[in-house]
Amino acid sequence: MTVEGAPAPPVPAGGTDAVLSVRGLNVVYDGTTPVQAVRDVSFDLARGEVLGIAGESGCGKSTLAYAMTRLLKPPGRLLAGEVVFRPDDGPPVDLSTLHGEQLRRFRWNRVAMVFQGAMNALNPVLSVRRQLADVFTAHRPELGRREREDRCRELLDLVGIGPERLSSYPHELSGGMRQRVMIAMAMALRPDVIVMDEPTTALDVVVQRDILEEIDRLRARFGFAVVFITHDLSLLLEISDRLAVMYGGRIVEYGRAADIHTAAHHPYTVGLLRSFPSLRGPRTVLHGIPGIPPDLSRPPPGCPFTARCPYVFDACHRIDPALRPAQTGTATSQVACLHYDPAIRPDGPPPELRAGRFDPEPARAVTVHEPEVGPDDHADRQPSE
Ligand SMILES: Nc1ncnc2c1ncn2[C@@H]1O[C@H](COP(=O)(O)OP(=O)(O)OP(=O)(O)O)[C@@H](O)[C@H]1O
């Protein structure tokens with residue numbers, strides 16, 4: 001369900017320095033009850049930055065990753081939106097215009113992807129050497145055998161694996177090593193963007209940290225941008241320049257990671273922040289967010305977070321808020337919450353929310369009195385109203 005009549009999605013920070021621009025992306029999974037997995041998603045990925053995408057399971061993170069790399073398969077279908085890649089050595093490319101061989105080349109050369117559970121995606125009957133070399137054979141046919149071998153060694157070295165492992169088969173490697181091999185493959189052709197969907201979730205914390213440090217080092221050296229997807233917000237706060245928090249298929253908060261860390265705006269982001277232990281900071285009492293995310297085959301009217309939000313008020317049940325600049329806190333953050341809509345809440349959000357506190361007890365939810373609003377006062381009103 002899209003928010004018809006809503007203003008065009010705002011163009012977040014990033015501007016002309018964006019290597020990838022996503023505008024108004026809507027994805028549906030067709031079926032007897034279609035699932036609208038991604039709704040009106042827009043963002044810019046700046047050159048060399050790490051954009052973290054956070055959110056609970058089922059909020060549309062993977063679908064977004066597939067849609068933005070044109071890897072979506074039926075029953076998934078792009079309903080609307082565009083993804084534009086801006087190389088630094090040529091004109092912008094609208095991804096929807098690429099097909100067949102052009103698209104295949106684009107994926108490895110320009111935007112590479114490391115999938116969820118990618119370490120199990122290596123072919124079990126081929127050696128590491130063969131799998132890395134195959135990337136060069138397919139995309140750099142001009143390279144001779146010796147050069148290919150050198151590149152394979154160099155790649156493994158980049159991800160901290162010795163050349164003797166070139167002869168290994170996947171089952172002879174640890175999970176962390178297999179994941180490093182997958183990252184090496186993604187980097188093989190020096191892409192401008194690497195999309196990583198839960199690349200370290202299956203690994204233990206120490207290996208996870210090693211790999212994240214490796215990714216950061218490589219990014220600093222080669223300058224590629226990273227879209228890093230995980231449900232673990234505390235991890236994203238550490239590694240991301242900017243963050244997009246997804247809920248119910250939409251981005252509900254978007255801004256600099258440091259700003260969101262110190263001043264989260266959306267009640268969902270505040271709740272998420274209180275659900276994860278910090279990787280470094282002091283021990284704190286953790287509070288989960290009661291309830292479950294909405295069923296995207298039957299999205300609720302109004303704001304998708306209504307059923308779980310301690311700050312819900314009448315208008316939230318009717319109006320699906322658009323992402324808009326937050327009127328409090330930092331200038332870069334955007335938030336999809338009616339508490340930040342000056343037409344509805346001229347005094348801004350309640351002080352508890354402003355202070356980034358999340359009350360996990362819905363029974364103690366704050367009472368908010370909303371002003372009378374005329375039917376035409378909000379462009380982001382549901383069409384059924
Ligand atoms: N192939 C499919 N067919 C139908 N619905 C799907 C399909 N894949 C995903 N969905 C639905 O789309 C919604 C978004 O799923 P998606 O996997 O993108 O979320 P996610 O945030 O990445 O979750 P996770 O972290 O568990 O992968 C969910 O409601 C999911 O059930």
Side-chain angles (χ1 to χ4, degrees), residues 1-3 22 24-43 45 50-81 83 111 113-121 179 182 194-203 208 212 226-237 239-240 242-254 260 266 268-269 271-273 275-276 288-289 291-301 303-308 320 323 336:
M1 183 175 62
T2 54
V3 190
V22 173
L25 220 58
N26 282 274
V27 178
V28 68
Y29 287 102
D30 289 320
T32 38
T33 43
V35 175
Q36 178 134 20
V38 170
R39 293 194 297 144
D40 301 320
V41 165
S42 298
F43 61 85
L45 178 70
V50 178
L51 172 70
I53 298 186
E56 287 164 291
S57 183
C59 68
K61 305 182 300 297
S62 298
T63 304
L64 172 61
Y66 282 98
M68 63 188 271
T69 48
R70 290 265 328 261
L71 282 164
L72 203 58
K73 294 208 168 59
R77 183 165 56 90
L78 190 67
L79 275 182
V83 180
V111 177
M113 182 147 173
V114 179
F115 295 98
Q116 217 173 106
M119 61 188 186
N120 299 319
Q179 194 62 302
M182 292 308 298
I194 303 187
V195 180
M196 298 188 174
D197 185 2
E198 305 267 9
T200 59
T201 307
L203 305 171
Q208 180 172 317
L212 291 174
V226 178
V227 177
F228 198 102
I229 296 172
T230 173
H231 62 280
D232 187 341
L233 183 55
S234 59
L235 179 74
L236 284 185
L237 286 169
I239 63 167
S240 308
R242 280 189 294 167
L243 264 183
V245 179
M246 287 189 76
Y247 189 80
R250 302 193 67 188
I251 292 181
V252 295
E253 183 149 6
Y254 178 87
I260 290 179
H266 198 285
Y268 178 62
T269 315
L272 266 191
L273 280 169
S275 306
F276 289 99
I289 306 173
I292 53 167
D295 174 356
L296 297 180
S297 64
R298 273 175 296 151
C303 169
F305 193 52
T306 303
R308 305 170 77 187
D320 190 357
L323 199 61

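Indexing begins at 1, ligand by ligand and atom by atom, following the structure's order. In what follows, residues are counted from 1 in the order of the sequence shown.
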4.0 Å heavy-atom contact, Lys73 with ligand 1: no
contact_flag Cys59 ligand 1 heavy-atom lt 4.0 Å: yes
Should [X] be counted as touching ligand 1, given the test is an N or O pair under 3.5 Å?
{"X": "Gly60", "result": "yes"}
{"X": "Val35", "result": "no"}
{"X": "Gly58", "result": "yes"}

Give the residue, atom name and distance (to 0.1 Å) of the protein heavy atom nearest [atom].
{"atom": "atom 26 (O) of ligand 1", "result": "Ser57 OG, 2.5 Å"}
{"atom": "atom 9 (C) of ligand 1", "result": "Tyr29 CE1, 3.5 Å"}
{"atom": "atom 17 (O) of ligand 1", "result": "Ser62 CB, 3.9 Å"}
{"atom": "atom 25 (O) of ligand 1", "result": "Lys61 NZ, 3.3 Å"}
{"atom": "atom 15 (O) of ligand 1", "result": "Thr63 OG1, 3.8 Å"}

To check you understand the geometry: which heavy-atom pair defines the closest contact between [X] and [Y], and what is its length?
{"X": "Val114", "Y": "Pro199", "value": "CG1-CB, 4.3 Å"}
{"X": "Pro304", "Y": "Asp320", "value": "CD-OD1, 3.6 Å"}
{"X": "Ala67", "Y": "Val27", "value": "CB-CG2, 3.7 Å"}

Atom indices of ligand 1, in the order listed, that fall short of 4.0 Å to a heavy atom of Ala37: 12 (O), 13 (C), 14 (C)
Per-atom contacts, ligand 1 versus Glu56 - under 4.0 Å to a heavy atom: 21 (O)
Protein non-hydrogen atom found under 4.0 Å from atom 28 (C) of ligand 1: yes
Heavy atom of protein inside 4.0 Å of atom 31 (O) of ligand 1, strictly below: no
Can you tell if the side chain of [X] reaches within under 4.5 Å of the side chain of [Y], non-hydrogen atoms only?
{"X": "Tyr268", "Y": "Val245", "value": "yes"}
{"X": "Cys59", "Y": "Lys61", "value": "yes"}
{"X": "Leu323", "Y": "Asp40", "value": "no"}
{"X": "Ser62", "Y": "Phe115", "value": "no"}
{"X": "Ser297", "Y": "Tyr29", "value": "no"}
{"X": "Asp295", "Y": "Thr33", "value": "no"}

Structural part of His231 in contact with ligand 1, heavy atom criterion under 4.0 angstrom: neither
Main-chain N/O of Val28 paired with Asp30 side-chain donor or acceptor, under 3.5 Å: no
